[in-house]
Amino acid sequence: MTITELPVIAAVDGSSHSREALDWAAREAVRRGLPLVIVHARTPNRRSGQETQQREAEELLTQSVRRVSEIVPDLHPSTLAPLDFPSAALTSLSRDASLVVVGSRGLGGFRSLMLGSNSLATASMAQCPVVVIHNGPSDEDEGEAAEAFPDIVAGVAADESSEAVLEFAFATAASRPGARLRIVHGWTMFSSMLSGGPVFDRAAAAGAAERTLAELTAGWREKYPQVEVVREPVGGSAARTLVTASATAALTVIGRRKGGESLGLGLSPVAQTTLTHALGPVAVVPC
């Protein structure tokens, strides 16, 4: 199986959030021409025997396959029910996946939390991009919402870490006819100074940020000429801009630096704020 054939993985646990994730993953698999694998992790539990867990998992997965067949009849997903904790199972499976899709919260945990621990852990440790589905439109309204909000929004830094984010964002926009790609880059006078740019002239710093964005996107615009691109250098909080943009975006794309997972350093403050407070689907891309 080549990298272009690696599946989309949808995590399900019976919650409404995971059903939304399943719906989104099924449609995305069709857009990208990829297989779909539906995964339910059977959490080790002494109070419930493995046979009971296996039976419940099979019932849930059967229901999930049936749901997919109603949404995209031509897609024939496979299923897995590993005996492991959800984030550990999904992180392991992500090594051989194009995309992992999870709901923002599962059946457990506190309702007051905007992002569940399994979703956060998977997004922080997976080896492939992870899409976290926050509460969104109903099944009936999703198609209309996709047409009303076609934008893909990507938050980028002014360094090499942006390459993976841009690659994923452009490919996603290209798979959605009519989608516009908004590329957001936050800057401050302090960041301008650190990068060797203007120190006291705010207008000059803004101009430098615009040029940086133009340089970052130049090669990608040639590779994806069909994608309309809007560059948005933002003076101040990039996270606030990304959260606001997520309300009217088909997908918001942010990066996660590899290498700090074991220390809990996978997500930057901007990425964590965006992922936690977003009002729509967010893709977290290892870079």
Side-chain angles (χ1 to χ4, degrees), residues 98-99 123-124 126-132 149-176 179-198 202 204-260 265-287:
S98 293
L99 190 64
S124 300
Q127 299 301 302
C128 71
V130 174
V131 175
V132 178
F149 305 136
D151 284 358
I152 304 299
V153 177
V156 299
D159 56 34
E160 66 280 357
S161 68
S162 295
E163 285 297 298
V165 173
L166 289 171
E167 180 178 11
F168 184 87
F170 269 97
T172 301
S175 71
R176 297 168 180 259
R180 184 179 64 163
L181 177 57
R182 296 172 56 191
I183 302 176
V184 176
H185 168 58
W187 63 273
T188 63
M189 293 307 297
F190 183 66
S191 66
S192 178
M193 178 187 70
L194 290 179
S195 63
R202 189 170 183 82
E210 175 65 43
R211 289 191 295 274
T212 296
L213 268 183
E215 293 170 0
L216 283 173
T217 59
W220 293 107
R221 295 189 72 169
E222 294 176 2
K223 185 176 181 180
Y224 294 96
Q226 74 275 34
V227 176
E228 179 186 355
V229 177
V230 178
R231 299 191 298 265
E232 299 183 22
V234 177
S237 172
R240 184 181 297 112
T241 300
L242 291 170
V243 169
T244 301
S246 71
T248 55
L251 184 65
T252 300
V253 185
I254 55 178
R256 169 181 67 78
R257 293 185 184 276
K258 294 180 180 178
L265 301 176
L267 295 175
S268 69
V270 169
Q272 179 131 2
T273 299
T274 303
L275 185 58
T276 302
H277 296 283
L279 303 171
V282 177
V284 181
V285 180
C287 53

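Keep in mind that the numbers below use all heavy atoms, side chains included, and drop hydrogens, waters and symmetry copies.
Residues passing the side-chain contact (heavy atoms from CB on, under 4.5 Å) test with Gln226, sequence neighbours excluded: Ala174, Tyr224. For the side chain to side chain donor-acceptor pair (under 3.5 Å) test, residues two or more places apart in sequence or in another chain that qualify with Arg180 are Asp151. Applying the side chain to side chain donor-acceptor pair (under 3.5 Å) rule to Thr274 yields no partners; only residues at least two apart in sequence or on another chain are considered. Listed by chain and number, the residues in a side-chain contact (heavy atoms from CB on, under 4.5 Å) with Ala283 are Val131, Phe168, Leu251, Val253 (sequence neighbours excluded).
Annotation: the span from Glu163 atom CD to Trp220 atom CH2 amounts to 5.5 Å, rounded to 0.5 Å. Atom OG1 of Thr248 sits about 9.5 Å away from atom CG of Leu279, to the nearest 0.5 Å. Leu166 CG to Lys223 NZ: the interatomic distance, rounded to the nearest 0.5 Å, is 11.5 Å. Note that CZ of Arg256 is 12.0 Å distant from CD of Gln272, once rounded to the nearest 0.5 Å. In this structure, Leu99 CG and Thr172 OG1 are separated by 8.0 Å, a value rounded to the nearest 0.5 Å.
Pro150 and Ala179 make their closest contact through O-CB, 3.3 Å (heavy atoms, listed as atom of the first residue, atom of the second, distance). Closest approach of Ala250 to Arg176, counting heavy atoms only: CB-NH1, 3.7 Å. Residue Pro129 comes nearest to Pro286 through the heavy atom pair N-CD, 3.7 Å, listed as atom of the first residue, atom of the second, then distance. Across all their heavy atoms, Leu181 and Ala154 have their closest contact at CD1-CB, 4.3 Å. For Val132 against Ala123, the heavy-atom pair with the smallest separation is CG2-CB, 4.4 Å. Scanning all heavy atoms of the two residues, the minimum distance from Val156 to Ser162 falls at CB-OG, 3.4 Å.
Sequence neighbours left out, not one pair with a member in residues 235-256 passes ring pair (Phe, Tyr, Trp, His ring centres under 6.0 Å). A salt bridge (Lys or Arg N to Asp or Glu O under 4.0 Å) check over residues 231-252, counting only residues at least two apart or in different chains, returns the pairs Arg182-Glu232, Glu210-Arg231.
When Val153, Val285, Val282, Val165 are each tested for a side-chain contact (heavy atoms from CB on, under 4.5 Å) with Ile254, only one passes: Val282.
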